[in-house]
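By convention in this document, chain letters (A, B, ...) are assigned in the order of the sequence lines, proteins followed by strands, and residues within each chain are numbered from 1. If you're wondering where the values come from, they're calculated on a predicted model, not measured in any experiment.
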Amino acid sequence: MSLQRLTLTTWNVNSIKARLSHTVEYAKNHHPDILLLQEIKCPDENFPLMEFEDLGYNCLIHGQKSYNGVAILSKLPMEETARGLPQLPFDETAPQARYLEAEISLPPQKQTEKAPPIGALRVASIYLPNGGEIDSDKFRYKMQFFDALKNHAEDLAKLDIPVALGGDYNVAPADIDVHDPKGLRGTTCFHPEEQKRFRRILNSGFADAWRVQHPEEQSFSWWDYRGGGWQHNKGLRIDFMLCNAMAMDACHETVIHADERGREKASDHAPVSITLEF
DNA sequence: ATGGTTGTGAGACAA
């Protein structure tokens, strides 16, 4: 019997225009079935659709001028299920394009076993606010976003299909996920209030796929452009593929493609990829 | 506390 194999990748590209060749090359080399992008930094109409359609991707874009922006590229048919979080709808006057969700249709499978075939997969591309300074309005907005995401995650957890929430969560969950826990404790992206809210999302029914499969390993997904972060391996693990139980059960591999960060003109984030088998 | 770098878009702001 043949299993359906799906690769899903999340990547904060830090401008799709600046990273077009890197992103296209990545897609050609690793051929993910689903590519969740963050920080595309362009309005919908400026997204380089053709380049990805030529590679066989259907594209959903939720962008804005200059900042933020998320996208879902899928080789399988999909339908948009949310643009913005229910509690934080997209506001044209103060745009924060940070959440996009879609249901992916899986091709029909032969029913050879007791379990019914899985017909669909729900995915989201998420760009959590960075938060700026602790105690700033931006930080409070980040907490709001976490809470709104957790409430929505509770609903997604009730679905009877695999769910994968990929993105840049802008928080490192534990000491092992940062290069200098003592020095960074209490700073943006390593603050207990952020970590508490991230845990609430996990507790609503999701697992951090990479950590589940690499319980002891230290590997980062982001390295600051400043101060030679990459050269000194001073990084954080803040990009995740969060899976519900059905997705986690199907997850055979999780990879952080850190090599992408070492390239010329690299994004400051590395892609994180999971492979599911149904 | 500050600075270091990259991206957008053409100067300050975000990260």
Side-chain angles (χ1 to χ4, degrees), chain A residues 10-26 36-48 51 61-71 84 88 90-99 125-146 149 166-173 177-180 182-191 193-195 197-198 220-240 258-272:
Chain A
T10 178
W11 195 6
N12 178 326
V13 292
N14 185 19
S15 166
I16 190 60
K17 186 176 153 208
R19 224 66 60 200
L20 182 56
S21 62
H22 286 37
T23 311
V24 165
E25 278 178 44
Y26 180 90
L36 309 169
L37 302 177
Q38 299 89 38
E39 272 205 276
I40 59 173
K41 290 188 171 178
C42 67
D44 298 10
E45 60 270 23
N46 289 5
F47 189 90
E51 282 80 352
I61 314 299
H62 181 34
Q64 68 179 87
K65 186 177 150 79
S66 304
Y67 301 114
N68 311 320
V70 288
L88 280 179
F90 184 68
D91 179 356
E92 298 282 355
T93 64
Q96 297 268 352
R98 297 178 177 277
Y99 186 88
S125 180
I126 306 172
Y127 176 43
L128 252 107
N130 168 284
E133 302 285 313
I134 311 298
D135 283 334
S136 66
D137 285 344
K138 284 181 190 173
F139 193 81
R140 282 181 284 278
Y141 183 72
K142 183 178 191 175
M143 298 305 106
Q144 265 190 287
F145 194 99
F146 264 121
L149 178 58
D168 172 4
Y169 285 75
N170 263 316
V171 61
D177 298 311
V178 303
H179 67 273
D180 177 16
K182 279 183 186 166
L184 291 171
R185 182 153 293 115
T187 64
T188 306
C189 300
F190 198 57
H191 190 283
E193 288 300 314
E194 300 171 330
Q195 294 173 319
R197 282 170 170 79
F198 181 74
F220 308 132
S221 67
W222 173 85
W223 297 259
D224 204 328
Y225 286 129
R226 299 167 289 190
W230 170 252
Q231 287 74 10
H232 302 114
N233 196 28
K234 291 183 186 171
L236 310 176
R237 194 174 68 89
I238 57 178
D239 299 87
F240 312 109
D259 52 315
E260 284 292 334
R261 183 61 180 85
R263 304 186 59 185
E264 285 294 316
K265 298 278 288 178
S267 167
D268 44 354
H269 294 256
V272 179

Can you name the residues that form a ring pair (Phe, Tyr, Trp, His ring centres under 6.0 Å) with A:Phe198, not counting sequence neighbours?
A:Tyr169, A:Phe240
Rounded to the nearest angstrom, tell me the gap between atom CD in A:Gln96 and atom C1' in B:dA14.
11 Å
Sequence neighbours excluded, the answer for salt bridge (Lys or Arg N to Asp or Glu O under 4.0 Å) partners of A:Asp180 is none
Counting primed atoms plus P, OP1 and OP2 as sugar-phosphate and everything else as base, spell out the protein contacts along nucleotides 2-11 of chain B at 4.0 Å heavy-atom distance: B, S or - for each nucleotide, 5' to 3'.
--BBSSSS--
Would you please name every residue forming a ring pair (Phe, Tyr, Trp, His ring centres under 6.0 Å) with A:Phe47, sequence neighbours left out?
A:Phe52
Give me the residues of residues 135-145 of chain A where at least one heavy atom lies under 4.0 Å from an atom of DNA chain B, by number, or none.
A:Lys138
Please give the distance between the P atoms of B:dA15 and B:dG9 as a whole number of Å.
15 Å
A:Asn170 and A:Leu128: which non-hydrogen atoms are nearest, and at how many Å?
ND2-O, 2.9 Å
Would you indicate what A:Arg261 reaches in the nucleic acid, counting non-hydrogen atoms under 4.0 angstrom: base, sugar-phosphate, or nothing?
nothing
Atom P, compared across B:dA14 and B:dA10: separation rounded to whole Å:
16 Å
Contacts of type salt bridge (Lys or Arg N to Asp or Glu O under 4.0 Å), residue A:Asp135, not counting sequence neighbours:
none
How far does the P atom of B:dG3 sit from the matching atom of B:dC13, given to the nearest Å?
16 Å
When the C1' atoms of B:dA1 and B:dG11 are compared, how many Å lie between them, rounded to an integer?
25 Å
Quickly work out the A:Trp222 CH2 to B:dA14 P distance and round it to whole Å.
17 Å
By ring pair (Phe, Tyr, Trp, His ring centres under 6.0 Å) - contacts of A:Phe90 (at least two apart)
A:His62
Taken in chain and number order and not counting sequence neighbours, the residues that satisfy ring pair (Phe, Tyr, Trp, His ring centres under 6.0 Å) with A:Tyr26 are A:Trp11, A:His30, A:His257
Excluding sequence neighbours, so at least two apart, what forms side chain to side chain donor-acceptor pair (under 3.5 Å) with A:Asn46?
none
